[in-house]
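These notes concern the structure reproduced below.
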Amino acid sequence: MKRVNEECGCEQQENNYMFFQNLKTIHHAVGELLNMDPAQVDELLSNGHAWAVDHIASSADDVEEVYHFLESSYGAHDEHDAYNSQQPQFIPADFKNHLKQVMGERIEHRGDNWVVKPSNGDHVLGTHPTKKAAMKQLAAIEISKQKNRGK
């Protein structure tokens, strides 16, 4: 990504141009994934490809960490819009609803911990100190489901 240097009026390459290119690649890929037929994707993921669910979960967590770091570096955080401010801006708003339909479990932030719960119940499946650890449990649950469906 090039920018104009104010002092000399010349174009300069950003030091971290690949950061911005990778964001563009992620943005494009997420858009294409969300345009796919959810039923077909769900069927494919259910037939031995739970690794993809795990990769999306860990990638979302990594992107979210970078987003929060950069957001906090720019100043105040608007608490009244907590959900939207926690999500990377390139993920469409209906993505959360799509995940709820596909996955039977979810995570919640409670105090200092992240709790894994079934979508249709209130009992706790696991409590974790970090969101990343809770996401790993969700991925393990999905992998276990796939293995059990294969039997």
Side-chain angles (χ1 to χ4, degrees), residues 1-117 119 126-147:
M1 180 177 279
K2 293 188 177 188
R3 65 179 170 82
V4 175
N5 183 323
E6 299 286 328
E7 293 175 15
C8 67
C10 56
E11 285 190 357
Q12 289 183 327
Q13 186 78 20
E14 292 288 341
N15 291 332
N16 297 294
Y17 73 97
M18 283 306 298
F19 174 85
F20 299 102
Q21 280 305 122
N22 288 333
L23 284 177
K24 289 177 183 179
T25 299
I26 292 167
H27 181 263
H28 174 76
V30 167
E32 293 294 315
L33 287 168
L34 290 172
N35 284 329
M36 293 178 182
D37 182 331
Q40 288 180 338
V41 172
D42 187 48
E43 183 178 339
L44 182 63
L45 295 174
S46 298
N47 289 319
H49 296 285
W51 61 268
V53 175
D54 184 36
H55 281 292
I56 291 295
S58 61
S59 297
D61 186 51
D62 291 342
V63 169
E64 185 177 44
E65 286 181 38
V66 172
Y67 171 76
H68 284 298
F69 165 73
L70 292 173
E71 179 189 49
S72 69
S73 297
Y74 283 107
H77 176 67
D78 190 359
E79 292 295 329
H80 84 276
D81 193 15
Y83 170 73
N84 285 331
S85 66
Q86 292 176 14
Q87 303 306 312
Q89 293 179 0
F90 61 85
I91 295 179
D94 64 340
F95 187 67
K96 182 178 178 183
N97 291 331
H98 174 69
L99 281 180
K100 282 182 179 180
Q101 292 171 357
V102 174
M103 296 183 72
E105 294 76 28
R106 68 179 191 277
I107 61 172
E108 285 181 6
H109 196 210
R110 285 191 187 169
D112 292 333
N113 294 313
W114 292 91
V115 177
V116 178
K117 296 172 52 177
S119 291
T127 303
H128 305 276
T130 64
K131 185 175 183 181
K132 193 169 198 168
M135 297 291 276
K136 285 182 181 180
Q137 182 183 3
L138 282 180
I141 290 169
E142 287 301 311
I143 291 168
S144 176
K145 284 181 188 178
Q146 301 309 315
K147 287 180 181 176

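Note that the coordinates shown come from a computational prediction; the quantities given were computed from them, not determined experimentally.
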**Prompt:** Heavy-atom count around D37 CG within 6.0 Å, excluding the residue itself: above 12?
**Reply:**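 Correct, the count exceeds 12.
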By side chain to side chain contact (heavy atoms under 4.5 Å, CB included), which residues pair with [X], not counting sequence neighbours?
X	value
T127	N113, V115, V124
D61	E64, E65, K131, K132
H128	V116, A133, A134, Q137
N35	none

**Asked** What is the distance from atom CG of N22 to atom OH of Y17, rounded to the nearest 0.5 Å?
**Response**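 If I round to the nearest 0.5 Å, the distance is 10.0 Å.
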**Message:** As an exercise, state the distance from CD1 of I26 to CD of Q21, rounded to the nearest 0.5 Å.
**Reply:**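 Going from CD1 on I26 over to CD on Q21, the span is 11.5 Å.
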**Item:** With sequence neighbours excluded, residues passing ring pair (Phe, Tyr, Trp, His ring centres under 6.0 Å) with H55
**Value:**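 Residues passing ring pair (Phe, Tyr, Trp, His ring centres under 6.0 Å) with H55: W51.
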**Message:** For a quick test of reading the model, state the closest non-hydrogen atom pair linking T130 to W114 and the distance between them.
**Reply:**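 T130 and W114 have their closest heavy atoms at C-CD1, 3.1 Å.
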**Message:** The criterion is salt bridge (charged side-chain N to carboxylate O under 4.0 Å, His left out); which residues satisfy it with K117, sequence neighbours excluded?
**Reply:**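 Here the qualifying residues are E108, D122.
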**Message:** Could you check whether any side-chain N or O of D42 sits under 3.5 Å from a backbone N or O of P38, counting only pairs where one atom can act as donor and the other as acceptor?
**Reply:**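 It does not hold such a pair.
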